[in-house]
Amino acid sequence: MKKMLITALALCGATLASASDNDLWEKSTLNQVLKRGELRVCAEAGYMPFDMRDKRGNIVGFDVDIAKTMAKAMGVKLDIRNTAWDGIIPALLTDKCDIIISGMTITPERNLKVNFTDPYIVVGQTILLSPKLEGKVTNYRDLNNAKYTIATKLGATSDYAVKRYMSKAKLNLFETESEGVLEVINGNADAFVYDLPYNAIYSAQNKGKVVHLDESFTYEPLGFAIRKGDPDFMNFLNNYLAQIKGDGTYDKIYKKWFASNAWISNIQ
């Protein structure tokens with residue numbers, strides 16, 4: 001009798017677990033994407049070479065190509081939704097999109113609101129310097145002085161990096177990267193702090209107008225962001241990243257956007 005009772009309880013527990021697992025899958029974003037036949041991706045077009053607009057107005061870039069291969073692997077269409085940076089996490093949390101693929105740095109503060117995949121690339125902060133300071137300023141420590149004005153993008157990790165490492169300098173914040181770096185070119189700021197890929201490309205396009213101090217002074221892993229409580233979607237995404245890094249797909253996309261500048265002439 002005791003054995004039968006234990007068996008019955010075990011079967012009951014297994015049934016409840018199975019029902020619970022099924023409910024979790026029904027609610028999963030991955031399941032909803034497959035049912036809808038479309039993957040909705042939030043991205044902000046303006047971060048070279050991750051997300052930007054070409055001359056036809058299409059959003060293109062490293063992130064976009066990864067999203068395209070992801071949607072293809074799922075067998076669904078891709079919908080890239082251009083979203084302002086200060087509203088991109090709220091857009092995800094209110095189901096305006098399924099995932100953020102937009103060069104987002106994994107930080108503890110953001111991780112309290114969303115879950116991140118394993119990093120898909122690691123970048124760091126570098127400096128675009130006014131040519132008048134070439135040789136006088138050689139690293140971020142030199143800029144930690146009240147006589148200097150630094151520009152960067154509001155709410156980006158560069159914002160927090162400046163406040164942490166160059167707290168004595170005056171900080172001017174802007175809605176976009178392009179607005180911030182123009183402050184240096186126009187003589188209104190001594191330096192612009194932002195992610196290495198953006199700064200490297202910008203300096204190559206604007207030779208003589210800025211000096212790139214290209215040694216990163218922060219460690220910043222970037223990840224895809226999804227809503228919390230979705231183990232099935234997270235499992236798929238991390239396995240997908242491992243797959244494309246192992247089969248050469250990732251390297252092909254990386255070389256297209258980071259090892260070549262052939263795409264620059266097609267950008268707005």
Side-chain angles (χ1 to χ4, degrees), residues 7-44 47 50-51 61-83 85-123 155 157 219-251 253-254:
T7 301
L9 288 172
L11 289 171
C12 181
T15 301
L16 289 173
S18 177
S20 177
D21 290 345
N22 190 61
D23 289 343
L24 197 62
W25 168 243
E26 284 297 321
K27 295 177 182 178
S28 172
T29 299
L30 180 58
N31 186 34
Q32 299 306 314
V33 167
L34 296 177
K35 285 182 175 179
R36 190 190 313 123
E38 181 180 67
L39 176 65
R40 305 169 303 168
V41 175
C42 275
E44 185 193 41
Y47 180 25
F50 291 88
D51 311 275
F62 178 69
D63 284 339
V64 176
D65 279 2
I66 289 202
K68 284 180 178 178
T69 63
M70 183 187 296
K72 184 177 179 180
M74 292 178 175
V76 300
K77 296 179 181 179
L78 177 65
D79 179 12
I80 299 288
R81 301 189 168 192
N82 189 34
T83 310
W85 191 251
D86 59 356
I88 202 164
I89 287 180
L92 174 67
L93 297 180
T94 54
D95 198 30
K96 300 295 192 304
C97 58
D98 304 307
I99 186 171
I100 297 172
I101 305 179
S102 192
M104 180 171 280
T105 304
I106 301 169
T107 68
E109 294 78 14
R110 288 171 178 161
N111 216 165
L112 293 172
K113 300 176 182 177
V114 298
N115 280 355
F116 285 101
T117 60
D118 295 337
Y120 68 103
I121 192 170
V122 175
V123 300
T157 50
Y219 168 80
E220 297 185 26
L222 309 187
F224 307 150
I226 66 172
R227 289 182 288 276
K228 289 187 173 295
D230 199 340
D232 288 304
F233 197 20
M234 184 65 73
N235 177 264
F236 171 85
L237 293 169
N238 283 332
N239 285 333
Y240 170 77
L241 281 173
Q243 178 65 36
I244 63 171
K245 287 185 176 182
D247 67 14
T249 301
Y250 180 91
D251 286 343
I253 297 171
Y254 184 92

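In this structure, CG on L34 lies 8.5 Å from OG on S28, to the nearest 0.5 angstrom. Rounded to the nearest 0.5 angstrom, M70 CE and Q243 CD are separated by 13.0 Å. Summarising the geometry, atom CG belonging to D63 is positioned 11.5 Å from atom CD1 belonging to I100; distances are rounded to the nearest 0.5 Å. Note that CG of L30 and CG of L39 are 9.5 Å apart. Values are rounded to the nearest 0.5 Å. Interatomic distance, CG of L237 versus CG of D230, reported as 8.5 Å (0.5 Å rounding).
Proximity of N31 to K35: side-chain heavy atoms (C-beta onward) are separated by under 4.5 Å at one or more points. Within the 4.5 Å cutoff, side-chain heavy atoms of I88 are placed close to those of S102. Taking 4.5 Å as the limit, some side-chain heavy atom of T107 sits within range of a side-chain heavy atom of T157. The shortest distance between side-chain heavy atoms of W85 and M104 falls below 4.5 Å. Between F116 and R110, the closest side-chain pair of non-hydrogen atoms falls below 4.5 Å. In this structure, the side chains of I66 and Y250 come closer than 4.5 Å at one or more pairs of heavy atoms. Side chains of E44 and D51 form no contact here, defined as non-hydrogen atoms less than 4.5 Å apart. At least one side-chain heavy atom of F50 sits less than 4.5 Å from a side-chain heavy atom of L222.
Judged purely by atom type and a 3.5 angstrom limit, N238 uses its side chain to pair as donor or acceptor with the backbone of D118. With hydrogens and angles disregarded, no donor-acceptor distance shorter than 3.5 Å links the side chain of N235 to the backbone of P231.
Aromatic ring pairs are classed by plane angle as parallel below 30°, tilted from 30° to 60° and perpendicular above 60°; the pair F62 and Y254 is perpendicular.
Counting heavy-atom neighbours within 6.0 Å of K27 NZ, excluding the residue itself, gives a total of 12 or less. More than 12 heavy atoms of other residues, nucleotides or ligands shown are found within 6.0 angstrom of NZ on K245.
Closest approach of C42 to T83, counting heavy atoms only: SG-OG1, 3.5 Å.
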Verify salt bridge (Lys or Arg N to Asp or Glu O under 4.0 Å) between R81 and D79, making sure each step is shown before the conclusion. CA-CA 6 Å; R81 301 189 168 192; D79 179 12; 2.8 Å; yes
Show the numbers, then the answer: is there a side-chain contact (heavy atoms from CB on, under 4.5 Å) between I253 and T249? CA-CA 6 Å; I253 297 171; T249 301; 4.1 Å; yes
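Between R40 and the choices D95, T29, V33, V76, the side-chain contact (heavy atoms from CB on, under 4.5 Å) rule is met once, by D95.
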